Amino acid sequence: MVASPSPSPSGLLVAGTSSDAGKSVLVAGLCRVLARRGLRVAPFKAQNMSNNSMVCADGGEIGRAQYVQALAAGLVPTTAMNPVLLKPGTDRRAFVVVRGEPAGTLEAGQYATGRAHLREAAFAAYRELADAYDLVVCEGAGSPAEVNLRSGDYVNMGLAREFGLPVVVVGDIDRGGILAALYGTWALLDDEDRALLKSFVINKFRGDVSVLEPGLEEITRRTGVPFHGVVPWLLDVWLDSEDTLEVGHWRASTALSALARDRLKVAVVRLPRISNATDVDALAAEPGVDVLVTVDPAVVDAADLVVLPGSRSTASDLAWLRERGLADVVLRRAAAGRPVLGICGGYQMLAHDIEDDVEGRVGSVPGLGLLPTQVVFGEAKVLARPTGAWAGHPVDGAYEIHHGVASRLPDDDPSPGAEPEPFLDGWRSGCVWGTMWHGAFESDAFRRAWLSGVARAAGSEWEPDASAPGFAQRRERMLDTLADALEEHVDLDALLALTRAGADLDAHLEEEVS
């Protein structure tokens with residue numbers, strides 16, 4: 001009796017030679033281009049380790065990259081697309097989120113061996129998506145060649161082996177050493193894992209492809225793995241990243257000029273445990289707004305606006321702010337009526353006092369005392385999708401992710417500066433603003449009106465360009481640009497042929513011919 005052939009894989013896995021090699025971007029592009037072809041396609045990442053996250057419409061928390069990938073596919077993001085999220089709290093402890101909800105902590109020593117229950121949750125989520133969609137485009141994590149972690153892996157080759165997924169390895173040629181990285185990845189895999197490696201893709205190429213081709217041919221000769229694409233450098237493509245080491249595609253300048261008064265200069269403090277730094281992407285997308293991530297007190301002092309972003313360890317990062325002299329700069333700015341914005345953890349730092357026996361476990365510590373609030377950390381995490389308005393401008397698409405809850409000080413307590421007024425469920429006092437809301441600045445009319453007020457307070461001549469595309473429109477253009485590039489430079493038919501979607505398409509075409 002002849003055994004029936006095994007069914008074609010329900011998805012494919014995009015792995016990388018390293019972190020930030022282009023996995024997230026390639027998955028987003030594939031989701032957009034395949035959706036344009038009429039396929040029902042969904043993104044998936046079994047496990048993210050990131051402090052950049054998003055609250056879905058169903059109230060659960062997932063990584064920002066999977067959120068954008070879902071938008072690329074034309075889907076409403078769900079927790080099945082990123083079932084396990086690890087949020088580093090210290091160098092040796094991560095907070096665990098499973099299917100969008102807090103699920104304890106994971107210590108460094110448990111990383112390789114203590115994740116069996118997380119593996120089960122991840123595989124169950126994959127099956128859920130595979131049953132509902134034509135194709136699941138999976139994103140790996142780090143590198144599939146991390147042999148020290150292979151025994152407990154369920155996001156790279158462990159996932160591929162479980163579901164028979166073909167693996168595409170993408171490498172960033174801009175980093176250098178791309179041929180060695182690709183060959184080394186293949187060489188470190190064992191035979192069973194190596195059998196699933198079906199494709200190489202080069203990312204961020206600049207120059208004449210013919211110069212590169214002899215190297216690609218040699219790698220294919222040695223490994224048997226074909227190259228299915230060389231994606232060019234795409235200047236106007238960015239993605240909400242999971243990697244906070246590089247905060248935002250827009251970070252290009254190294255200084256803020258004090259002479260260009262028609263520009264608005266924004267300094268974002270690069271906190272050690274920075275979280276959800278994608279909040280400032282919308283500010284940087286505004287024409288004439290220069291954003292610089294910095295730890296330099298002189299840059300913070302020179303900026304028109306200083307942003308204290310989110311933090312995964314508010315009390316610890318506040319102590320660091322004081323040690324670096326940055327807290328003194330913020331206090332001087334506030335005293336002089338120069339704009340300061342705190343978002344989530346940054347807002348908590350602006351409070352009078354912070355009580356934290358949960359996140360940092362430090363007890364009571366004094367805040368910067370610039371807003372009339374006190375913060376108490378609770379065991380229950382707040383996950384919400386609030387809506388509101390400021391100065392008549394609606395604010396949509398905001399979300400909250402925090403353990404610390406800020407409340408107004410009693411009326412008989414002295415309040416600093418001008419009479420405080422509400423600001424997006426937070427507070428404003430003089431030129432100091434604070435809010436728990438992430439994503440608020442993606443609302444175009446609100447962002448432009450608020451920045452106009454900041455510019456006036458800072459003495460800047462910057463004005464918003466009403467004809468400029470909005471943030472959501474820019475994101476859509478970016479995803480289409482990425483999809484167009486993949487259509488031109490990647491053999492999509494070859495990748496599809498490795499999957500169930502390709503097999504179904506071939507069968508459909510055969511039926512039409514017959």
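Everything quoted here is computed from the prediction, not taken from an experiment.
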Using modelled atom types and a 3.5 Å cut-off, is there a donor and acceptor pairing between side-chain atoms of [X] and backbone atoms of [Y]?
X: Asp491; Y: His228; answer: no
X: Lys23; Y: Gly171; answer: no
X: Thr499; Y: Leu496; answer: yes
X: Arg40; Y: Ala132; answer: yes
X: Thr220; Y: Val225; answer: yes
X: Asp191; Y: Asp193; answer: no
X: Arg312; Y: Pro272; answer: no
X: Asn276; Y: Ser53; answer: yes
X: Lys198; Y: Val168; answer: no
X: Arg194; Y: Ala187; answer: yes

Would you be so kind as to tabulate the donor-acceptor pairs closer than 3.5 Å made by side chains of residues 292-299, with sequence neighbours excluded?
residue, atom, partner, partner atom, Å
Thr294, OG1, Asp296, N, 2.9
Asp296, OD1, Ala298, N, 2.9

- Are Gln66 and Gln69 linked by a side-chain donor-acceptor pair shorter than 3.5 Å? yes
- Message: For Arg99 and Thr79, which I'm curious about, is there any donor-acceptor pair between the side chains at under 3.5 Å?
- Response: yes
- Can you name the residues that form a side chain to side chain contact (heavy atoms under 4.5 Å, CB included) with Ala483, not counting sequence neighbours? Arg32, Val33, Arg36
Pairwise side-chain contact, [X] with [Y], heavy-atom cut-off 4.5 Å (strictly under):
X: Leu75; Y: Pro43; answer: yes
X: Leu197; Y: Trp186; answer: yes
X: Phe377; Y: Gln348; answer: yes
X: Thr223; Y: Ile219; answer: yes
X: Cys138; Y: Leu165; answer: yes
X: Val97; Y: Val84; answer: no
X: Asp281; Y: Phe471; answer: yes
X: Leu196; Y: Leu189; answer: no

- Residue pairs passing the ring pair (Phe, Tyr, Trp, His ring centres under 6.0 Å) test with at least one member in residues 295-326, sequence neighbours excluded, are none
Look at [X] together with [Y] and state whether they make a salt bridge at an N to O cut-off of under 4.0 Å.
X: Asp174; Y: Arg206; answer: yes
X: Glu218; Y: Arg222; answer: yes
X: Asp172; Y: Lys204; answer: yes
X: Asp20; Y: Arg175; answer: yes
X: Arg263; Y: Asp304; answer: no
X: Arg447; Y: Glu442; answer: no
X: Arg127; Y: Glu162; answer: yes

- Task: Kindly indicate, with the supporting measurements, whether the criterion side chain to side chain contact (heavy atoms under 4.5 Å, CB included) is fulfilled by Leu135 and Leu34.
- Result: CA-CA 9 Å; Leu135 183 67; Leu34 296 177; 3.6 Å; yes
Shortest non-hydrogen contact from [X] to [Y]?
X: Met436; Y: Gly404; value: CE-O, 3.0 Å
X: Thr435; Y: Trp437; value: OG1-N, 3.0 Å
X: Gly397; Y: Met54; value: O-CE, 4.3 Å
X: Ala80; Y: Ala125; value: O-CB, 3.6 Å
X: Leu271; Y: Pro309; value: CD1-O, 3.6 Å
X: Ala42; Y: Leu129; value: CB-CD2, 4.4 Å

- Task: Could you go through the side chain to side chain contact (heavy atoms under 4.5 Å, CB included) check for Val490 and Leu486 one step at a time?
- Result: CA-CA 5 Å; Val490 174; Leu486 297 193; 3.8 Å; yes
- Query: Mind checking what makes ring-ring contact (aromatic ring centres under 6.0 Å, His included) contact with His438, not counting sequence neighbours?
  - Reply: Tyr399
- Partners of Tyr126 by ring-ring contact (aromatic ring centres under 6.0 Å, His included), sequence neighbours excluded? Phe44, Phe163
Point-to-point distance, once rounded to the nearest 0.5 Å, from [atom1] of [X] to [atom2] of [Y]:
X: Leu26; Y: Leu482; atom1: CG; atom2: CG; result: 8.0 Å
X: Asp356; Y: Ser316; atom1: CG; atom2: OG; result: 10.0 Å
X: Arg161; Y: Leu13; atom1: CZ; atom2: CG; result: 13.0 Å
X: Ser199; Y: Leu498; atom1: OG; atom2: CG; result: 7.0 Å
X: Leu216; Y: Phe200; atom1: CG; atom2: CZ; result: 10.0 Å
X: Met81; Y: Ile62; atom1: CE; atom2: CD1; result: 7.0 Å

- Of Glu120, Gln47, Arg119, the one forming a side-chain hydrogen bond (donor to acceptor under 3.5 Å, both in side chains) with Tyr154 is Gln47
- For residues 52-63, which residue pairs qualify under salt bridge (charged side-chain N to carboxylate O under 4.0 Å, His left out), counting only residues two or more places apart or in two chains? Glu61-Lys87, Glu61-Lys381
- Message: Assess the residue pair Ile401 and Cys344 against the criterion (side chain to side chain contact (heavy atoms under 4.5 Å, CB included)); give the C-alpha distance rounded to whole Å, side-chain angles, the decisive distance to 0.1 Å, and a yes or no.
- Response: CA-CA 8 Å; Ile401 305 173; Cys344 198; 6.0 Å; no
- Task: Quick one: do Val137 and Leu12 satisfy side chain to side chain contact (heavy atoms under 4.5 Å, CB included)? Show the steps, please.
- Result: CA-CA 5 Å; Val137 184; Leu12 59 85; 4.2 Å; yes
- Task: Would you mind telling me which of Ile274, Leu308, Val307 makes a side-chain contact (heavy atoms from CB on, under 4.5 Å) with Val269?
- Result: Leu308
